[in-house]
Each structure stands twice: as structure tokens, then as C-alpha cells.
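Okay, structure first, notes after.
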Amino acid sequence: MADKVIIERDGPIVIVTIDRPKVRNAIDRETAALLAAAIHAFEADPEQKVAILTGVGGQFSSGADLKAIARGEGLRMEETGDSPIGVARIRTSKPVIAAVAGYAVAGGMAMALWADMRVVEETAIFGMFDRRFGVPMVGGVTVNLPRLLGLSHAMDLILTGRAVDAQEAFRIGLANRVVPEGEALTKAKELARELADFPWGCLVNDRKALLDSYDMATEAAHRNEFRLGQQVFDSGESQSGAGEFVSGKGKSGEF
């Protein structure tokens with residue numbers, strides 16, 4: 001029997017892989033719980049800096065397991081706590097990258113939207129295919145998609161449920177990187193290592209300021225950004241980085 005979710009460590013990176021290839025990595029109740037547990041463990045471990053979410057077999061995820069739902073084995077449907085698809089309500093303090101191959105549709109697309117960044121293979125397909133089957137969008141899509149793409153693109157994809165290829169996904173801002181087929185995980189690992197190597201306190205506080213700003217008025221968001229930045233200055237991390245610059249590191253645009 002497949003493990004359903006595989007967790008691997010690679011230094012400061014953790015790779016969380018959906019392992020249900022026979023159903024294109026569809027999410028049943030147990031898989032959702034395992035995914036949520038993996039991300040909660042990532043959040044709690046100070047040695048893990050970046051998580052990558054992906055799927056086996058050249059597929060990201062086809063979303064909720066409709067065969068299981070048809071058998072009466074539904075997802076966890078509670079207003080609070082973890083999302084029906086496991087991860088969509090979890091707000092981590094550290095970055096998550098989705099490495100997307102094949103289909104990332106319905107709940108699979110919802111999980112990709114939840115991530116901070118999406119590295120997408122050129123043959124990948126997104127789409128809120130829930131629209132075809134009367135399955136409501138309870139994986140954070142109506143919250144996350146307009147924040148990523150704006151209201152017009154989000155309304156189009158949510159109301160029509162149409163398929164979106166990798167090239168369109170990149171054009172509208174759904175994909176951050178488009179890579180050759182078979183390379184999503186490799187390129188996501190490269191990106192994760194790049195993030196993990198940056199001065200860490202500054203990265204996580206800048207990320208937090210960005211996410212906090214969605215729930216704040218402009219003036220409050222500016223104050224919050226300043227307070228979080230001041231924490232980094234007070235920690236000495238910025239002074240250390242400035243010293244590295246003076247010594248020659250990072251000049252001429254090199255990292």
C-alpha cells in the first residue's frame with residue numbers, strides 16, 4: 001500500500017510528496033490529514049526553512065478524491081481547524097514552494113495557490129474543475145486566487161472552471177517559473193536552497209509584512225512593515241550583511 005504522503009529532508013529543505021499515483025494524487029480524508037501534519041511539523045521545526053509540495057508520477061494532484069466522496073468517505077468538513085484538503089488554511093512563517101507537474105486541478109490547484117511560489121512544468125494544466133461536478137471551492141481558492149491574479153482573472157477561472165496551460169499560467173501570474181517537463185522538483189529545490197541561503201530573519205519578516213498587509217489598512221501596513229524591519233536591524237543581521245557587502249560580497253549584482 002502506498003504511503004499516501006512521503007516526507008524527505010534535504011538539509012534545510014523538506015519535500016512533502018503526495019503518493020497516490022493510481023488516482024492522480026487525489027486527496028482523501030487520510031491524505032489531507034497527513035499533508036496537514038507534515039506542514040505543521042515543518043512549521044514547528046526551526047531547522048527546516050523551506051518546504052516543497054509536489055506529487056509522484058508526473059502529476060501534482062487531481063484534487064479531492066471524488067470516488068471516495070461518492071462512496072460516502074468525505075473530506076473533513078469543519079469551519080475551523082485544518083482545511084478539507086489539509087493545508088489550505090495553514091499560515092506558515094516560512095516559505096512553501098509548489099513543484100507542479102501534470103494536473104494541478106480542483107483541490108490540487110487550491111494547494112498550489114496556497115504555496116508562496118509555483119515552479120511549473122511546461123506541460124502542466126491548472127483548472128478549477130470542481131465547476132464541472134458541483135463541488136464547492138472550500139480549499140481557499142476564492143481567497144487566494146484573486147490575491148494572486150486580481151479579481152478579473154480569478155472570476156474567469158472560478159466561474160468557468162476552464163483548463164489553463166503553463167504558458168497562460170505564467171502570463172497571468174499563476175506560475176512563477178515555467179520549466180521543462182520533468183524538472184519541476186529539481187528547479188524547486190534550487191529555488192528553495194537559494195531562499196534558505198539568504199539572511200533568514202530578514203526574509204521571514206519581509207514575507208510576514210507582505211502577508212500581513214492584506215488584512216490591514218495602508219497606514220497600519222506601513223507601521224507593521226517598519227516594526228518587523230526594526231526587529232531585523234535590532235538583531236544585528238543587517239549590520240552583518242552590510243559588513244559582507246563592504247568586504248566585497250554581493251557587489252556587481254552577484255550573490
Okay, side chain of Trp114, backbone of Val87: is any donor-acceptor separation there less than 3.5 Å? yes
Working to the nearest 0.5 angstrom, can you tell me the gap between Ile52 CD1 and Lys187 NZ? 13.0 Å
If you look at every heavy atom in Glu225 and Ala209, which pair is closest and at what distance? CA-CB, 4.1 Å
Interatomic distance, NE2@His222 vs CZ@Phe226, rounded to 0.5 Å, equals 13.0 Å
Taking every heavy atom of Asp19 against every heavy atom of Asp3, the minimum-distance pair comes out as OD2-N, 3.7 Å
Side-chain donor/acceptor of Lys49 to backbone N/O of Lys94, under 3.5 Å: no
Checking Arg118 side chain against Val100 main chain: does a donor-acceptor pair fall under 3.5 Å? no
To the nearest 0.5 Å, tell me how far Glu181 CD sits from Glu183 CD. 10.0 Å
Should Arg207 and Asp116 count as an ion pair when the cut-off is N to O under 4.0 Å? yes
As an exercise, state the distance from NZ of Lys208 to CG of Asn205, rounded to the nearest 0.5 Å. 8.0 Å
Hey, any chance Ile158 and Ile172 share a hydrophobic cluster, counting ILVMFWY side chains that come within less than 4.5 Å of each other, even indirectly? yes
Which atom pair, heavy atoms only, marks the closest approach of Val120 to Ala166? CG1-CB, 3.9 Å
Treating Glu43 as the side-chain partner and Ser93 as the backbone partner, does any N or O pair qualify as donor plus acceptor under 3.5 Å? yes
Could you report the tightest heavy-atom contact between Ala38 and Ile7, atom names first, then the distance? CB-CD1, 3.6 Å
Are Asp215 and Arg147 within salt-bridge range, i.e. N to O under 4.0 Å? yes
If you count heavy atoms of other groups shown closer than 6.0 angstrom to CE of Met216, is the number above 12? yes
Salt bridge flag under 4.0 Å for residues Arg91 and Asp212: yes
Does the Thr54 side chain pair with the main chain of Leu185, one donor and one acceptor, at a distance under 3.5 Å? no
Look up atom CD1 in Ile27 and atom CD1 in Ile18, then write down how far apart they are to the nearest 0.5 Å. 4.0 Å
Output yes when Arg171 and Glu168 qualify as a salt bridge under the 4.0 Å nitrogen-oxygen rule, no when they do not. yes
Here's one to test your reading of the geometry: is the NZ or CZ of Arg132 within 45 degrees of the ring axis of Phe129 and under 6.0 Å from its centre? yes
Just how far is it from atom CG of Leu157 to atom CE of Met137, taken to the nearest 0.5 Å? 9.0 Å
Is Arg9 salt-bridged to Asp45, cutoff N-O under 4.0 Å? yes
Are Glu121 and Arg177 ion-paired here, with the side-chain N under 4.0 Å from a carboxylate O? no
Lys/Arg-Asp/Glu bridge criterion (N-O < 4.0 Å) met for Lys67, Asp28: no
So, does Gln59 use its side chain to make a donor-acceptor pair with the main chain of Tyr103 at under 3.5 Å? yes
Work out which heavy atom in Val56 is nearest to a heavy atom in Pro21; give both atom names and the distance. CG2-CD, 3.7 Å
Side-chain (Arg24) to main-chain (Ser62) donor-acceptor, under 3.5 angstrom: no
Count the heavy atoms belonging to other residues, nucleotides or ligands that lie under 6.0 Å from CD of Glu47, then report whether that count exceeds 12. no
Do side-chain atoms of Asn25 reach the backbone of Gly55 as a donor and acceptor pair under 3.5 angstrom? no
Asp65 bridged to Arg29 by N-O distance under 4.0 Å: no
Do you know the tightest heavy-atom contact between Met111 and Phe60? CB-CE2, 4.2 Å
Of Leu195, Leu191, Val96, Leu203, which is the lone residue that meets side-chain contact (heavy atoms from CB on, under 4.5 Å) with Val50? Leu195
